[in-house]
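Indexing begins at 1, ligand by ligand and atom by atom, following the structure's order.
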Amino acid sequence: MINVAIIGAGGISRTHIETYRKFPQRCNVTALADVYPEKAEKKKEELGLDVAVYGDYGKILDDADIGLVSVCVPPYVHAEISAACLRAGKHVICEKPMASSLVECDAMLAAQETSGKVLAVIAQNRYRSEIQKLKAVLDSGVAGRVLHAQVDSLWWRGHCYYDLWWRGTWAKEGGGCTLNHAVHHIDMFQWMMGLPAEVRAVMSNTAHDNAEVEDISIAILKYANGSVAQITSSVVHHGEEQQLVFQTEKARLSFPWNVYASKSRSNGFPDEDPDMKAVIEEYYRQLPDLPFQGYEGEFNDVLTAIETGGDVLMNGREGRKTLELITAIYQSASTDQTVRLPLTKASPFYTAEGIQRNAIHFNEKKASVENFGDDNIIVGSSREKFK
Ligand SMILES: NC(=O)c1ccc[n+]([C@@H]2O[C@H](COP(=O)([O-])OP(=O)(O)OC[C@H]3O[C@@H](n4cnc5c(N)ncnc54)[C@H](O)[C@@H]3O)[C@@H](O)[C@H]2O)c1
């Protein structure tokens, strides 16, 4: 049985607490910390928790009975708090994005390596049967090489969304929709395709004049083998139609799962290829479902790693790769240049200060509310496309 603390008692903390409660034989939430301790008290009451409440997360570092910490705070403090917890000998589940800059990811990785504890970054969609099966089909080669991929990370957020005190600024949110929303799809995509050789991007703020950061970006990626991909990240898309589409040599494969295959007539025009479609569908069908989905799947992975001394699928090195691709998008869009990967420490976007200095600032953040009162959030697409 491992005792768990949650740092940050806002919107996403409820999901963490409810997920830990799905594993009552393996873990127990015993502490809750928030810079606004009254928010932690409210959550304790609402969810009927038997926990200690702190305003200062340092109390959690000092509590030797706590073995695992969920870091549910805004992105600019992910690295500081995660690294402090690791150094204090705690395992860590850090919310997405891993951090707001690559230098912070590197500090977290160094703390993880020194401590030998588990560092997991939230990427709950990797732990969905449909996603793992799509990756398995791509990895198998049954559909051939990927020629083009299309990532539509399309979300919708109202104007007041960016009034929350930490949102909409390069300093605290660390970026806009590319970092904080599209991170989900960019992570799944880079897990399946790997990192590209180069990135070219544009970004804009079209409808949120209360935010410094972008509300839409469009990136074009090129791989060393000639494959190309495009990623659209947005919070201005009504209906939030989200998808990953892979055009391979033999078929179109996508999430949500769908297959279409073409074969060539003698003149090069397409005919449908039902035989290839059937082969791919059969490969997909025989793959096993995961025992747990989404957050439950990821927390099960973390608890198992702690219990067995292993590692997790979504560790700090994976979280860093996703942040590297997002950083490249910001660098390209802000400098109007093609950016080559891997990014080095010489990149002007390697540090949080560098990003704040060099990224396009679209608007001044004028309003800043401490709290919306309503911290019920929708996790994932509102159309529940991930189910
Ligand atoms: N995985 C997902 O689907 C998902 C969904 C929503 C949010 N998130 C992530 O979760 C994190 C938190 O988002 P949220 O929506 O819960 O925000 P929120 O503002 O509702 O909650 C964050 C809480 O952290 C507290 N906090 C801030 N700085 C702190 C500090 N130094 N020490 C202790 N507490 C501190 C705030 O007072 C607040 O209560 C973000 O990184 C966000 O990207 C992930």
Using a plain distance cutoff, I'd like to know if Trp165 has any nitrogen or oxygen under 3.5 Å from a nitrogen or oxygen of ligand 1.
no
Atoms of ligand 1 under 4.0 Å from any heavy atom of Lys39, numbered from 1 in the order shown, are 38 (C), 39 (O)
Lys96 heavy atoms within 4.0 Å reach ligand 1 at atoms 1 (N), 2 (C), 4 (C), 8 (N), 9 (C), 40 (C), 41 (O), 42 (C), 43 (O), 44 (C)
- Task: Answer with yes or no whether the side chains of Glu104 and Ser101 bring together a donor and an acceptor at under 3.5 Å.
- Result: yes
Counting from 1 in the order shown, the ligand 1 atoms closer than 4.0 Å to a non-hydrogen atom of Ile7 are 33 (C)
Do Pro97 and ligand 1 have an N or O pair less than 3.5 Å apart?
no
Donor + acceptor pair across side chains of Thr338, Glu198 (<3.5 Å): no
Taking only non-hydrogen atoms of Leu164 and a 4.0 Å limit, the atoms of ligand 1 in range are 19 (O)
Tested for side-chain hydrogen bond (donor to acceptor under 3.5 Å, both in side chains) against Asn300, the lone hit among Lys22, Gln293, Arg26 is Arg26
heavy-atom search around atom 17 (O) of ligand 1 in the protein gives Trp166 CZ2, 3.3 Å
Review point. If we only count N/O pairs under 3.5 Å, is Tyr57 in contact with ligand 1?
Key: no
Looking at Trp257, does the NZ or CZ of Lys133 lie under 6.0 angstrom from its six-membered ring centre and within 45 degrees of the ring axis? no
A student checking ligand 1 against Val379 at a 4.0 Å heavy-atom cut-off should list atoms 3 (O)
Please check whether Tyr76 reaches ligand 1 - meaning an N/O of the residue sits under 3.5 Å from an N/O of the ligand, judged on distance alone. no
Within 4.0 Å of some non-hydrogen atom of His78, the atoms of ligand 1 are 41 (O)
Please work out whether the ring planes of His181 and Tyr161 are parallel, tilted or perpendicular, with thresholds of 30° and 60°.
tilted
Only one of Ile186, Leu179, Val339 passes side-chain contact (heavy atoms from CB on, under 4.5 Å) with Ile329, and that residue is Ile186
Judged by heavy atoms only, the candidate from Val183, Val35, Ile122 nearest atom 29 (C) of ligand 1 is Val35
Per-atom filter on ligand 1: closer than 4.0 angstrom to a heavy atom of Tyr36 are 37 (O)
One finds that the ligand 1 atoms under 4.0 Å from a non-hydrogen atom of His184 are 1 (N), 2 (C), 3 (O)
Only residue of Glu240, His237, His208 satisfying side-chain hydrogen bond (donor to acceptor under 3.5 Å, both in side chains) with Arg157 is Glu240
Closest to atom 40 (C) of ligand 1 among protein heavy atoms sits Val73 O, 3.6 Å
From the list Trp170, Tyr350, Phe349, ring pair (Phe, Tyr, Trp, His ring centres under 6.0 Å) partner of Tyr330 resolves to Trp170
Residues, nucleotides or ligands: over 12 heavy atoms within 6.0 Å of Lys59 NZ
no
